[in-house]
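Computed from a predicted model, the values in this text were never measured in an experiment.
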Amino acid sequence: MRILTLFILFVVSTNSFGQSQNEKLAYQYLAEKQFEKASSLYEYLYKESPKKEFYESLMTCYLFLERFKDAEKLAKNQLRKHPERIELGVDHGFILEKWNKSSKANQVYENTIKAMIANVNSILSVGNRFYQKGKYDYAIRAYKKGAKLLNGNYPFAFELAKVYEAKGNLSAVSEALIGIMDYGDNYLESVKGALTNYFHDDSNGKKRRVFKDVLLDRVQRNPSKTNLTELLIWFFLQEKKFSSALTHAKALDKRNKENGSKIISLAKICTQNKEYDVAVKAYNYLIKKNDHSYYYRIAKIKTVEVLNLKINEDPNTTLEDVTYLRKNYEDALEELGRNSYTMNLIRGYSRLLAFKYNDTEKAKEELENALKQTRAKATELAKCKIALGDIYVKENNIWEAALLYGQVNQDFKEDIIGHRAKLKLAKAYFYGGDFEWAKAQLDVLKASTTKLIANDALQLSVLISDNLGLDTATAPLKIYAKADLYNYQNNDTLALAYCDSILSKYPNNLTLLDDVYFIQAKIHSKNKHWDYALAAYQKAVNFGDLLKDDALFAMGLIYYNILNQPEKAKYCFERIVLEHQDSFYAFEARKVYRTLRGDFGGQLNLKN
């Protein structure tokens with residue numbers, strides 16, 4: 001008995017192996033379009049095992065070989081074996097159509113639609129079969145009849161949209177996708193996903209234009225339908241039309257008497273996209289409610305933070321802007337108080353006092369009081385220590401700053417805030433002339449998960465390595481460290497003097513020159529001396545060392561943001577794309593370059 005069982009298993013496995021080999025060979029013939037050879041094998045395979053995939057492949061062979069009679073026989077046979085698969089009728093009709101029997105084909109198509117049943121999967125199979133065969137009008141009829149059979153419980157809108165897109169009927173695509181919103185709010189995210197895919201290849205913007213017109217019309221005719229307005233807001237955000245998005249978000253907030261959470265979310269998106277003016281308008285809308293709610297307090301804090309970002313990034317900032325920012329900080333702190341909830345405000349205000357008004361004593365007092373907040377989170381206190389350390393650096397009290405940075409680094413070794421403190425600690429030792437110790441810290445940070453920290457650590461580490469490796473004394477590096485420190489302290493006169501000292505005393509020190517040019521360029525930019533800044537950046541570019549991509553990116557920003565010379569800006573970003581693929585700026589440069597080239601249309605919002 002045991003021998004008989006083993007024999008049967010051997011025969012079965014041998015047959016299975018043979019069929020598997022035939023299957024692979026048949027697939028290869030089909031892929032190579034050797035339909036005669038493929039059909040012979042698939043006929044055998046289908047006879048042995050009438051599986052769906054064998055049926056589909058054999059049908060493909062018959063149609064390419066124009067063996068319509070065999071194809072019709074196959075389709076009818078498959079339908080007899082699987083009468084529940086109504087979509088097989090589409091195959092039969094398609095064969096007749098290819099056979100130039102259009103009248104009979106249409107009758108079979110009609111009968112297939114009549115035979116449809118109230119089953120979602122069956123309806124999808126019929127509609128998709130018509131779509132695959134290019135019978136778009138029948139596909140539309142199938143999906144629409146399916147929706148009726150299901151009493152409107154499922155509209156087949158996504159499927160219809162796909163068919164309408166194939167027909168080139170963009171208005172119908174939009175109507176179908178927007179129409180599904182009538183079935184409930186739970187479809188909103190699905191519609192967004194479908195639209196993202198739909199717009200992916202919209203290079204000329206036609207799909208978006210048609211969709212916007214259809215959606216605006218629906219919103220105007222149905223102002224009470226919240227989900228339509230939410231879809232419109234989402235669309236405007238995708239289009240970078242932030243003001244339009246805010247207009248509709250405010251209308252929705254008023255109409256539904258909402259708490260402001262959606263306005264806060266929109267303001268955050270605007271801030272991330274550097275649309276600071278729109279973000280401030282959003283926060284001001286909530287502030288004007290004057291309801292002293294949770295979102296009112298957030299708006300008060302975030303307004304000041306956004307104003308601070310704008311001033312720090314806008315090269316056209318005036319003294320009046322800085323004064324206005326200070327007033328906003330002081331008003332917000334007066335109203336909300338100095339507590340664990342307003343720690344970020346306190347830090348921002350302190351930095352403003354120290355670096356814009358040179359009032360380091362008051363800045364330190366603010367931070368030292370903040371450190372006494374017993375209910376503040378450990379991370380908030382750590383950020384205050386870092387801010388206080390920065391002010392000590394501003395005062396030239398390097399070692400007091402190093403002590404604070406070291407405490408944060410010790411407490412948050414595996415956290416980003418700890419890495420940031422470690423970088424500042426290394427810089428502090430660099431300023432103090434302890435280059436070996438600074439480099440040791442920087443070499444650890446080169447593996448940081450934060451790309452910006454790793455990039456900064458790498459640049460300074462290379463700078464130190466290049467200069468410590470020289471046979472000469474470290475005098476040039478010490479002068480450079482002083483220049484860098486004075487630049488950080490906003491002491492532009494001394495910073496430029498030390499830079500000039502290096503250029504005059506050590507004109508052949510090729511390891512430092514590009515860094516010197518870069519400091520000069522940053523100082524000139526800060527003081528809006530754009531021609532001098534560009535000249536210094538160009539020297540750094542010509543030098544061709546580690547800062548070349550940094551200089552090109554900075555030049556591109558000046559040409560675009562300040563001088564309104566998009567062609568020169570495009571050239572700078574193009575050089576980063578072509579020559580510096582591994583650059584920290586590569587992704588941003590590629591995006592900006594393609595936009596300036598006209599790949600996407602629209603305007604850029606570039607900030608420093």
Beyond-backbone contact of [X] with [Y], side-chain heavy atoms, under 4.5 angstrom:
X    : Y    : value
L381 : M343 : yes
K427 : D484 : yes
L215 : L231 : yes
Y559 : W530 : no
L246 : I233 : no
L266 : I269 : no
Y392 : I398 : no
K446 : D443 : yes

Minimum heavy-atom distance [X]-[Y], with the two atoms named:
X    : Y    : value
S501 : I479 : OG-CD1, 4.2 Å
A483 : I519 : C-CD1, 4.3 Å
S461 : L442 : N-CD1, 3.8 Å
I464 : A438 : CD1-CB, 4.2 Å
A245 : L237 : CB-CD2, 3.8 Å
G389 : L404 : N-CD1, 3.7 Å

Using only heavy-atom distances, determine whether the side chains of [X] and [Y] contain a donor-acceptor pair under 3.5 Å.
X    : Y    : result
N527 : D492 : yes
T318 : D321 : yes
Y405 : D390 : yes
S350 : E366 : no
Q441 : K422 : yes
Y560 : Q565 : no

Salt-bridge present ([X], [Y]; N to O < 4.0 Å):
X    : Y    : result
K262 : E230 : yes
R420 : D415 : no
K439 : E436 : no
E567 : K570 : yes
D331 : K327 : yes

In chain order, what residues pass the ring-ring contact (aromatic ring centres under 6.0 Å, His included) check against [X], with sequence neighbours excluded?
X    : answer
Y486 : Y498
F430 : F435
H248 : F236
W437 : Y429

Next item on the list: May I ask you to check if R326 and Y357 form a cation-pi contact, with NZ or CZ under 6.0 angstrom from the six-membered ring centre and within 45° of the axis?
Entry: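 Cation-pi check for R326 and Y357: passes.
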More than 12 heavy atoms of other residues, nucleotides or ligands under 6.0 Å from [atom1] of [X]: is that the case?
X    : atom1 : answer
K482 : NZ    : no
K528 : NZ    : yes
N204 : CG    : yes
K162 : NZ    : yes
K413 : NZ    : no
K478 : NZ    : no

Notebook entry, point to check: Is a side-chain donor or acceptor of N467 paired with a backbone partner of L463 at a separation under 3.5 angstrom?
Noted result: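 At least one qualifying donor-acceptor pair exists.
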Check: Under 3.5 Å, is there a donor-acceptor pair between the side chain of T247 and the main chain of S243?
Finding: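 Yes.
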Notebook entry, point to check: Can we call the ring centroids of F211 and F199 under 6.0 Å apart?
Noted result: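 So the answer is yes for these two rings.
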Check: Are the ring centres of Y593 and Y571 closer than 6.0 Å?
Finding: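 Ring centroids of Y593 and Y571 are no less than 6.0 Å from each other.
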Taking only distance into account, with no hydrogens and no angle test, what donor-acceptor pairs under 3.5 Å do side-chain atoms of residues 537-557 form with protein atoms, sequence neighbours excluded?
from : atom 1 : to   : atom 2 : distance (Å)
Q538 : NE2    : N542 : OD1    : 2.9
N542 : ND2    : Q538 : O      : 3.3
K548 : NZ     : E579 : OE1    : 3.0
D549 : OD2    : S583 : OG     : 2.5
D550 : OD1    : Q459 : NE2    : 3.1
D550 : OD2    : Q459 : NE2    : 3.3
D550 : OD2    : Y585 : OH     : 3.2

Notebook entry, point to check: Which of these passes salt bridge (Lys or Arg N to Asp or Glu O under 4.0 Å) with K207: D213, D201, D202?
Noted result: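 Checked D213, D201, D202 against K207; only one passes salt bridge (Lys or Arg N to Asp or Glu O under 4.0 Å): D201.
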Show me, pair by pair, the donor-acceptor contacts under 3.5 angstrom made by side chains of residues 169-178, not counting sequence neighbours?
from : atom 1 : to   : atom 2 : distance (Å)
N169 : OD1    : A172 : N      : 3.1
S174 : OG     : L170 : O      : 3.2

